[in-house]
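Counting starts at 1 for both ligands and their atoms, in listed order. Predicted model, so just to flag it, every value in this text is computed and none were measured.
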Amino acid sequence: MVDSYRPKDLKEALSIRAEHGAMPLAGGTDLMVRYQSWTGTLPLFKNSIMFIGHLKEMKYIKKEAKDKTSTLVIGGTATLTSVANHPETPVVLKEAVLSIAAPALRNNATLTGNICNASPAGDSICALYALDAVIVIEKTGSRREVPITEFITGPGRTVLAESELVTAIKVPLKASSVNNFTKVGTRKANALSKLSFTGVADYKNGRVDSIALTFGAVGPTVVRSVELEKKLKGLSGSEIETKISAILEDYSTVIVPIDDQRSSAVYRKKVALNLLEKYLRELSRHE
Ligand SMILES: Cc1cc2nc3c(=O)[nH]c(=O)nc-3n(C[C@H](O)[C@H](O)[C@H](O)COP(=O)(O)OP(=O)(O)OC[C@H]3O[C@@H](n4cnc5c(N)ncnc54)[C@H](O)[C@@H]3O)c2cc1C
């Protein structure tokens, strides 16, 4: 038996974190599996847990506008279903969220839980890297914001301290005309990714103005190369088309997957590059 807590509000939740370091349980869809023992028996948690899924202060999604930039702020207990249904959710994030598990599970599971679980196969993470999401972290008396690329430090690892909670995820709402999220799994629902791909890009005056390309489940964390993206900025659609082979060669050096129970390294690399090629061809037609 371990202690369990059910705080009445966020303030109490933060003080329980500070005092006991109790592990947050939001939807429980990762934790109930991670700590399961035998089928039909209760999960065997090792340390105290704190239920947070009911906390209303974090159950929101809102759009904020400041200095001509807009941001979608997704509260720490917002469910995957609410993220998918929100009219301002960027299309790649919506697609990524709808690829997770199945409807019943998405009604309970949270976006924050998907990120904090920090699985290399976490589907929303691939999209959130491409969207330059920022994670809002709070503890009693202080608050910090960390880019998602720095929040996740390895498989199952984040920078979150025992006294802290993730209270929101900020997603900048940027112009993006060529969008793609693709997940490759064994079936449409309730299947973890063999790999995933996200591409977002926008043209200005016929030239690529912004671009982000990310690959999930092909490394310990999501793979994104800002250096290689820089090489694509400023190109026209026809220039992209002529450079596709060279771009694929560049990316084949940064996509270095492993074999595991879900797929092989050879398959992952081949399919990741195929998805990139498909996206680049689409991009080249959109200028
Ligand atoms: C059948 C099944 C299918 C699945 N399919 C997919 C899939 O296709 N793709 C995919 O990516 N995932 C999948 N998952 C995994 C899971 O559903 C998601 O990762 C989900 O988003 C987790 O959210 P949750 O609220 O249930 O997290 P929880 O299980 O409650 O928590 C997960 C982790 O996040 C931490 N945490 C939660 N909230 C906070 C917070 N506010 N602050 C700090 N830490 C926090 C917890 O302590 C824990 O470490 C599947 C799971 C199951 C059981």
Side-chain angles (χ1 to χ4, degrees), residues 2 4-5 7 10 13-14 16-18 20-36 39 43 45-60 74-84 93 95-129 135-139 143-144 146 148 151-152 155-169 181-196 198 216-217 221-222 262:
V2 295
S4 65
Y5 302 88
L10 178 59
L14 292 174
I16 291 169
R17 272 295 263 174
H20 307 284
M23 182 172 64
L25 188 153
T29 62
D30 274 315
L31 289 178
M32 296 296 277
V33 175
R34 199 189 309 162
Y35 291 100
Q36 73 178 349
T39 309
F45 293 112
K46 296 195 173 87
N47 296 305
S48 55
I49 56 164
M50 172 170 67
F51 296 97
I52 59 164
H54 61 286
L55 293 177
K56 290 212 166 51
E57 296 110 308
M58 296 195 283
K59 209 171 268 302
Y60 67 87
I74 300 169
T77 53
T79 63
L80 295 176
T81 299
S82 66
V83 175
L93 180 58
E95 292 295 321
V97 163
L98 287 174
S99 79
I100 295 176
L105 193 134
R106 293 196 293 268
N107 289 341
N108 222 33
T110 60
L111 187 66
T112 301
N114 197 238
I115 294 166
C116 292
N117 196 43
S119 161
D123 290 309
S124 77
I125 302 173
C126 182
L128 289 167
Y129 263 60
I135 312 304
V136 181
I137 299 171
E138 287 187 51
K139 66 177 178 181
R143 178 183 191 277
R144 60 187 176 126
V146 179
I148 190 163
F151 178 73
I152 296 174
R157 291 200 307 274
T158 70
V159 297
L160 203 69
E162 231 180 54
S163 55
E164 294 176 318
L165 278 178
V166 170
T167 52
I169 297 155
F181 171 83
T182 305
K183 166 176 173 169
V184 179
T186 39
R187 53 177 187 250
K188 282 265 179 207
N190 282 330
L192 292 180
S193 280
K194 291 174 189 287
L195 73 141
S196 58
T198 308
T221 58
V222 168
R262 276 198 292 280

ask   = Backbone or side chain, does any N or O of Ser124 fall under 3.5 Å from an N or O of ligand 1?
value = no
inquiry  = Does any N or O of ligand 1 fall below 3.5 Å from an N or O anywhere on Thr110, backbone included?
reply    = yes
task = Could you label the plane-to-plane angle of the Tyr35 and Phe45 rings as parallel, tilted or perpendicular, counting under 30° as parallel and over 60° as perpendicular?
result = tilted
query = Evaluating non-hydrogen atoms only, which member of Thr158, Leu160, Asp123 is closest to atom 10 (C) of ligand 1?
reply = Asp123
key: Closest protein heavy atom to atom 4 (C) of ligand 1, given as residue, atom name and distance to 0.1 Å   = Ala101 CB, 3.6 Å
ask   = Any N or O on Pro24 sitting closer than 3.5 Å to an N or O of ligand 1?
value = yes
inquiry  = Measuring only between side-chain heavy atoms, which start at C-beta, is Arg143 closer than 4.5 Å to Val136?
reply    = yes
request  = Taking the side chain as every heavy atom from C-beta outward, state whether Arg34 and Asn117 have any pair of such atoms under 4.5 Å apart.
outcome  = yes
inquiry  = Once you restrict to heavy atoms under 4.0 Å, what part of Ser99 touches ligand 1? Side chain, backbone, both or neither.
reply    = backbone
query = How far is atom 41 (N) of ligand 1 from its nearest protein heavy atom, and which residue and atom is that?
reply = Val166 O, 2.9 Å
query = Atom CD1 in Ile152, atom SG in Cys116: separation rounded to 0.5 Å?
reply = 8.5 Å
request  = Look at atom 13 (C) of ligand 1 and find which of Asn190, Thr112, Val83, Leu192 reaches it with the closest heavy atom.
outcome  = Leu192
Closest protein heavy atom (residue, atom, distance) for atom 19 (O) of ligand 1 = Asp30 OD2, 2.5 Å
request  = Using heavy-atom distances, let me know which of Asn114, Thr77, Leu55, Leu80 sits nearest atom 18 (C) of ligand 1.
outcome  = Asn114
message = Would you say that Ile74 contacts Leu93 through its side chain, given a criterion of any heavy-atom pair below 4.5 Å between the two side chains?
response = yes
Identity and distance of the protein heavy atom lying nearest atom 33 (C) of ligand 1 = Gly113 O, 3.9 Å
request  = Could you tell me whether a side-chain N or O of Ser196 sits under 3.5 Å from a main-chain N or O of Lys183, the two making a donor and an acceptor?
outcome  = no
task = Find all atoms of ligand 1 within a distance of less than 4.0 Å from any non-hydrogen atom belonging to Arg34, and give their numbers and elements.
result = 48 (C), 49 (O)
task = Could you tell me the residue and atom name of the protein heavy atom closest to atom 8 (O) of ligand 1, and the distance to it rounded to 0.1 Å?
result = Lys183 NZ, 2.7 Å
request  = Of the side chain and backbone of Leu105, name the one, both, or neither that has a heavy atom under 4.0 Å from an atom of ligand 1.
outcome  = side chain
query = Any side-chain heavy-atom pair from Leu111 and Leu80 closer than 4.5 angstrom?
reply = yes
inquiry  = What I want to know is whether Gly27 and ligand 1 share at least one N or O pair that is separated by under 3.5 angstrom.
reply    = yes
ask   = Of all the non-hydrogen atoms in the protein, which one sits nearest to atom 28 (P) of ligand 1, and at what distance?
value = Gly28 N, 3.6 Å
task = Take every heavy atom of Gly185, measure it against each atom of ligand 1, and state whether any distance is under 4.0 Å.
result = no
remark   = With heavy atoms and a 4.0 Å threshold, my read on which part of Ser193 contacts ligand 1 is neither
Side chain to side chain, Met58 and Leu10, heavy atoms closer than 4.5 Å = yes
query = Any donor and acceptor pair, going by atom type alone, linking the side chain of Arg17 with main-chain N or O of Glu162 inside 3.5 Å?
reply = yes
query = Against heavy atoms of Met23, which atoms of ligand 1 measure under 4.0 Å?
reply = 47 (O)
request  = Could you tell me whether some N/O pair between Val33 and ligand 1 is separated by less than 3.5 angstrom?
outcome  = no
request  = Return yes or no for this condition: an N or O of Ala191 is under 3.5 Å from an N or O of ligand 1.
outcome  = yes
request  = Go through ligand 1 atom by atom and flag the ones less than 4.0 Å from a non-hydrogen atom of Ile52.
outcome  = 38 (N), 39 (C), 40 (C), 41 (N)
key: Where ligand 1 meets Cys116 - atom numbers and elements under 4.0 angstrom, heavy-atom basis   = 34 (O), 35 (C), 36 (N), 43 (C), 44 (N), 45 (C)
request  = Closest by any non-hydrogen atom to atom 53 (C) of ligand 1: pick that one out of Leu10, Thr29, Leu25, Val97.
outcome  = Thr29
